[in-house]
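In what follows, a single structure is set out as C-alpha cells and then discussed.
Computed over heavy atoms, backbone and side chain alike; hydrogens, waters and symmetry mates excluded. Note on naming: letters A, B, ... go to the chains in the order of the sequence lines (proteins, then strands), and numbering restarts at 1 for each one.
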2 protein chains.
Amino acid sequence: MLTQRAKYGLRAMALLAANCPPGGTISIPDLAQGGHIPPKFLEAILLDLKRHGFLTSRRGKAGGYALARPAERIAIGDLIRALDGPLAPIPCASLTAYRPCTDCADPPSCAIRRLMREVRDAMAQILDGTSLAQFAASAGTEPAADIMAEMR
Amino acid sequence: MLTQRAKYGLRAMALLAANCPPGGTISIPDLAQGGHIPPKFLEAILLDLKRHGFLTSRRGKAGGYALARPAERIAIGDLIRALDGPLAPIPCASLTAYRPCTDCADPPSCAIRRLMREVRDAMAQILDGTSLAQFAASAGTEPAADIMAEMR
DNA sequence: GATAAACCCTATCGAGTCTGTGGGGATTAC
DNA sequence: GTAATCCCCACAGACTCGATAGGGTTTATC
C-alpha cells in the first residue's frame, strides 16, 4: 500500500523537477500550496528525502529545496523505498531489505516467498525503470485511451 | 503489504488443495497444526473465505472445510483480494475496487495513478495467472537456482 | 544588528488497523 | 447424550499513519 506520505513525497519531487529553476530552490510553503500538502507534514517528508540524498537545501530567508541530481537519474522505485520502505509485499521476498519470516522453516522452498518474489520483480521493473523526469512529464498530459474508457 | 492473515489463509488453502481427500474435509485443528497457525485466528480467516465462496464446510463432529471448487479454478489473486482487499497499491488505481482520491482534482491526468495502474496490472497478471493448484504444487519442490544463490 | 523567513528537530496525539484470544451458541457423528 | 466441530461476537494490546505543536538554527535584507 502506497502511503499518503509517499504520495506527497512523489508529488513534491515532481513539482521540483518541473518548476525548480537551475541553481535555485523552492520553499516548503510553495511546494505545499502547489501540491495541496499539509506544510508541516511535507517538512518531515522533505527532510527525510534530503537525508536519503535525493534533495539539497538552502537555509535561511529565501531558502528552499532542490533536486540533488538530475530528475533523469532519480528512479521512482528508489523514492518509494525511501518513503515507504521495501517494494516487496513481504520482507522475505525483498532484495534490498531481506528479512526471513519467523514462522517459515525453509525460505527457499516457501511457495508464498517465491510468488511474492515474482511480484516484487515485476514492481521493481516498472518503478526502477521509471525516472522522476518521465514521471513528472506524464502529469497533465493527455490521458491514454484505455484510462479514458474506464471513467464511463 | 501482504498481511499475516493473507499468509495464513494461503497456507491453509494450499494444505486443503494438497491434502483434502475427495468428498472429505479437514478440520481447523488439523489445518492449524499443519500450517503453524493460531487456531482461533485461522477460524476467522476460514469463515471469511467461506463467505467469499472459496470454501464449503461441514459442521458437527468430524466436520471441517473443503475447497468449494477445484484448485485449478481458484486464482491466488482472488484469494488475496478476499483476504487483504484490492491488489492495487492505491485505491484510485484499482480495477475491482476503484475509489478516487479526495485530494486529486483530475484522476485521469494523475501521474501517480497512471504509474500505480501499471503496477497493479503487473501484479494482477502474476497473481490472477497463478492457480491455487500451481501454488500448492510449488511448495517444497526444488528451489530455483537464483533463489539458492541469494541464500549465501 | 534587528527582523523575518526559512530550514531543522523532537515530541506527541488521535484514529485506525492488525494480530490474536475468550466465551459462548448451534450442529452433527457416534 | 456427549463430545467434537463449526459459527459468531466482542475485545484487548501493539503498532502504524497522518498530522500538528513548539521550539531552535541559519541567512537575506533593511
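Among the heavy atoms of the strands lying under 4.0 Å from Ile28(B) are primed sugar atoms or P, OP1, OP2 only; no base atom is included.
A sub-4.0 Å separation between OP1 or OP2 of dG20(C) and a side-chain N or O of Tyr8(B) is present. Put simply, Lys50(B) has a side-chain N or O that comes within less than 4.0 Å of OP1 or OP2 on dC7(D). The side chain of Ser57(A) contributes an N or O atom lying less than 4.0 Å from OP1 or OP2 of dC8(C). For the OP1/OP2 pair of dC8(D) and a distance below 4.0 Å, the side-chain nitrogens and oxygens of Arg51(B) include at least one atom meeting the criterion.
Between the side chain of Arg11(A) and the backbone N or O of Gly35(A), at least one donor-acceptor pair lies under 3.5 Å. Asp84(B) places a side-chain N or O within donor-acceptor distance of the main-chain N or O of Thr3(B), the cut-off being under 3.5 Å. Looking at Gln33(A), its side chain never comes within 3.5 Å of a backbone N or O of Asp30(A) through a donor-acceptor pair.
For Ser27(B), the listed nucleotide lying nearest its side chain is dC6(D); candidates were dC7(C), dT20(D), dC6(D). Looking at the side chain of Arg59(A), the nearest of the listed nucleotides dC17(D), dT26(D), dC7(D) is dT26(D).
Computed from coordinates, the Ile45(A) CD1 to dC9(C) C1' distance equals 16 Å when rounded to whole Å. Counting to the nearest Å, the C1' atom of dG18(D) and the CE atom of Met1(A) are 12 Å from each other. Between Arg11(A) atom CZ and dG18(D) atom P there is a gap of 12 Å when expressed in whole angstrom units. Whole-Å rounding puts the Leu31(B) CG to dA4(D) P distance at 18 Å.
Map Leu42(A) and Gly64(B) each onto its nearest nucleotide of DNA chain D; the residue landing nearer the 5' end is Gly64(B). Heavy-atom distances to DNA chain C give each of Arg5(B) and Lys40(A) a nearest nucleotide, and the one nearer the 5′ end belongs to Lys40(A). Place Thr3(A) and Glu43(A) on DNA chain D by their nearest nucleotides, and Thr3(A) ends up nearer the 5' end.
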